[in-house]
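Below: the structure, in structure tokens.
Given the structure is predicted, the values throughout are model-derived calculations rather than measurements.
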Amino acid sequence: MIDVPGTLSSGQVFLWRHVGVFWYVIDGQNILKVDDTGVIDATRTITDFFRCGDDIDRMHESFAQDPLLTELIHRYEGLRITNQNLFQCVISFIVSANSNIPRIRRNLQDICHRFGDKTAYDDIAFCLFPTPAVLAGTDTHHIRECGVGYRAQHIQGASAAIRDGLCDGIDRMSYKEAQGTLCEMPGVGRKVADCILLFSCGHLEAVPLDRWIIRVMHEHYGIGDGTTPHTTRQYDILHDDVRDRLGPYAGYAQQYLFKMARNNSEKPLKW
DNA sequence: CTTGGACCTGTCACC
DNA sequence: GCCTACAGGTCCAAG
């Protein structure tokens, strides 16, 4: 039903551990306990992290006219879009900018170890993700010690914005409205905003256009020229074309294509 | 509105 | 071993 390891290692989620037959996912101040059927317990609230309500059959139907996606939904059966804690998602993708996945994981783990509360669950030690107030009140010099470089200022600024209520009620905003709100934060441009809109706000029409997807859209669909857009205007134009081509489940389509692109790359994945 | 660069840090092909 | 390019982009100053 749900491909838990496949989903957790698909580049949407960075803070999780595989212990025995379970996976433990750090999701803000919450820790989710997961088995191969989905979330089975949590330290605070059991959330619908794997979006079990999504109509997968209907998504398959919407991909019926697309040979590549039709093949990919079978090859990667059970790959899901996640529904993550907003603040952690914001910081995760600010950290992801101009970086790479192994390093993103290290940076986020360091942030938890330095600034998050320590706790235990099933006799296993964990560090939670820090709150907006804690990171907002931390000097950028100390945030920088987590190896995030110039992103430290963005992390601090975005934390302060969220602490002050910028994103309150974002779940009730339209895609464009929420995008505008998110992009007010330092370090959040169109691509990072799309990650947050898709992985935390439930906007399935959001398609994060990273280097991988831009390459795939050019090579397999003839959309765009394969180079990363440099302006928000160029990004928006490309995003509209991609969304129109992939349909109402464009966010899911993006995740399948991203997985394919990474699996096809020569270098072994470092998870 | 478009173009050109800089930017922390780590890893990894090529010299 | 040493040097360069590049990594799930964003921001800022000029043209």
Q: Could you give me the stems involving DNA chain C, meaning stretches of three or more consecutive Watson-Crick or G-U wobble pairs whose two defining distances are both below 3.5 Å?
A: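 For DNA chain C the paired stretches long enough to count as stems (3 pairs minimum) are B:1-7 with C:9-15, B:9-11 with C:5-7.
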Between [M] and [N], how far apart are the [atom1] atoms? Round to whole Å, please.
{"N": "dG5(B)", "M": "dA5(C)", "atom1": "P", "value": "14 Å"}
{"N": "dC6(C)", "M": "dC15(B)", "atom1": "P", "value": "14 Å"}
{"N": "dT4(C)", "M": "dA6(B)", "atom1": "P", "value": "14 Å"}
{"N": "dC8(B)", "M": "dA13(C)", "atom1": "P", "value": "15 Å"}

Side chain of [X] (C-beta onward), nearest among [options]:
{"X": "R106(A)", "options": "dC11(C), dT3(B), dG10(B)", "value": "dG10(B)"}
{"X": "R233(A)", "options": "dC1(B), dT10(C), dC8(B)", "value": "dC1(B)"}
{"X": "T231(A)", "options": "dT2(B), dC8(B), dC11(C)", "value": "dT2(B)"}
{"X": "N98(A)", "options": "dC11(C), dG9(C), dG10(B)", "value": "dG9(C)"}

Report yes if a donor N or O on one partner sits less than 3.5 Å from an acceptor N or O on the other, where the partners are the side chain of [X] and the base of [N]; otherwise report no.
{"X": "R211(A)", "N": "dC6(C)", "answer": "no"}
{"X": "Y235(A)", "N": "dG9(C)", "answer": "no"}
{"X": "R151(A)", "N": "dC8(B)", "answer": "yes"}
{"X": "H230(A)", "N": "dG5(B)", "answer": "yes"}

Q. Under 6.0 Å between ring centres, would you say that holds for F93(A) and F199(A)?
A.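 So the answer is yes for these two rings.
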Q. Would you say a side-chain N or O of Q234(A) is under 4.0 Å from OP1 or OP2 of dC1(B)?
A.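 It does not, given that no N or O in the side chain of Q234(A) lies less than 4.0 Å from OP1 or OP2 of dC1(B).
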Can you check the [X] [atom1] to [N] [atom2] distance for me, whole Å?
{"X": "R103(A)", "N": "dG9(C)", "atom1": "CZ", "atom2": "C1'", "value": "13 Å"}
{"X": "Y150(A)", "N": "dA7(C)", "atom1": "OH", "atom2": "P", "value": "13 Å"}
{"X": "I213(A)", "N": "dA7(C)", "atom1": "CD1", "atom2": "C1'", "value": "16 Å"}
{"X": "N107(A)", "N": "dC7(B)", "atom1": "CG", "atom2": "P", "value": "19 Å"}
{"X": "I111(A)", "N": "dT9(B)", "atom1": "CD1", "atom2": "C1'", "value": "14 Å"}
{"X": "W212(A)", "N": "dA7(C)", "atom1": "CH2", "atom2": "P", "value": "8 Å"}
{"X": "I101(A)", "N": "dT11(B)", "atom1": "CD1", "atom2": "P", "value": "15 Å"}
{"X": "Q153(A)", "N": "dG9(C)", "atom1": "CD", "atom2": "C1'", "value": "17 Å"}

(Q) Let me confirm one number: the CD1-CG distance from I162(A) to L86(A), rounded to the nearest 0.5 Å. (A)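 If I round to the nearest 0.5 Å, the distance is 5.5 Å.
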Q | Distance-only donor-acceptor check, side chains T82(A) and Q12(A), under 3.5 Å | A | yes
(Q) Under 3.5 Å, is there a donor on one side chain and an acceptor on the other for Y24(A) and D122(A)? (A) yes
Q) Mapping I104(A) and V188(A) onto DNA chain C by nearest heavy atom, which one lands closer to the 5' end? A) I104(A)
Q. Do Y256(A) and Y249(A) have side chains that get closer than 4.5 Å, going by heavy atoms?
A. no
Q. Can you tell if the side chain of L166(A) reaches within under 4.5 Å of the side chain of T181(A), non-hydrogen atoms only?
A.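 When only atoms from C-beta onward are counted, T181(A) and L166(A) do touch, with a gap below 4.5 Å.
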Q: Mind checking E145(A) for me? I need base, sugar-phosphate or nothing, with any heavy atom below 4.0 Å counting as a touch.
A: nothing
(Q) Students often get this wrong, so: under 4.0 angstrom with heavy atoms, is F93(A) touching a base, only sugar-phosphate, or nothing? (A) nothing
Counting only N and O atoms by type, is there a donor-acceptor contact under 3.5 Å from the side chain of [X] to the main-chain atoms of [Y]?
{"X": "D27(A)", "Y": "N30(A)", "answer": "no"}
{"X": "H74(A)", "Y": "T70(A)", "answer": "yes"}
{"X": "E77(A)", "Y": "I73(A)", "answer": "no"}

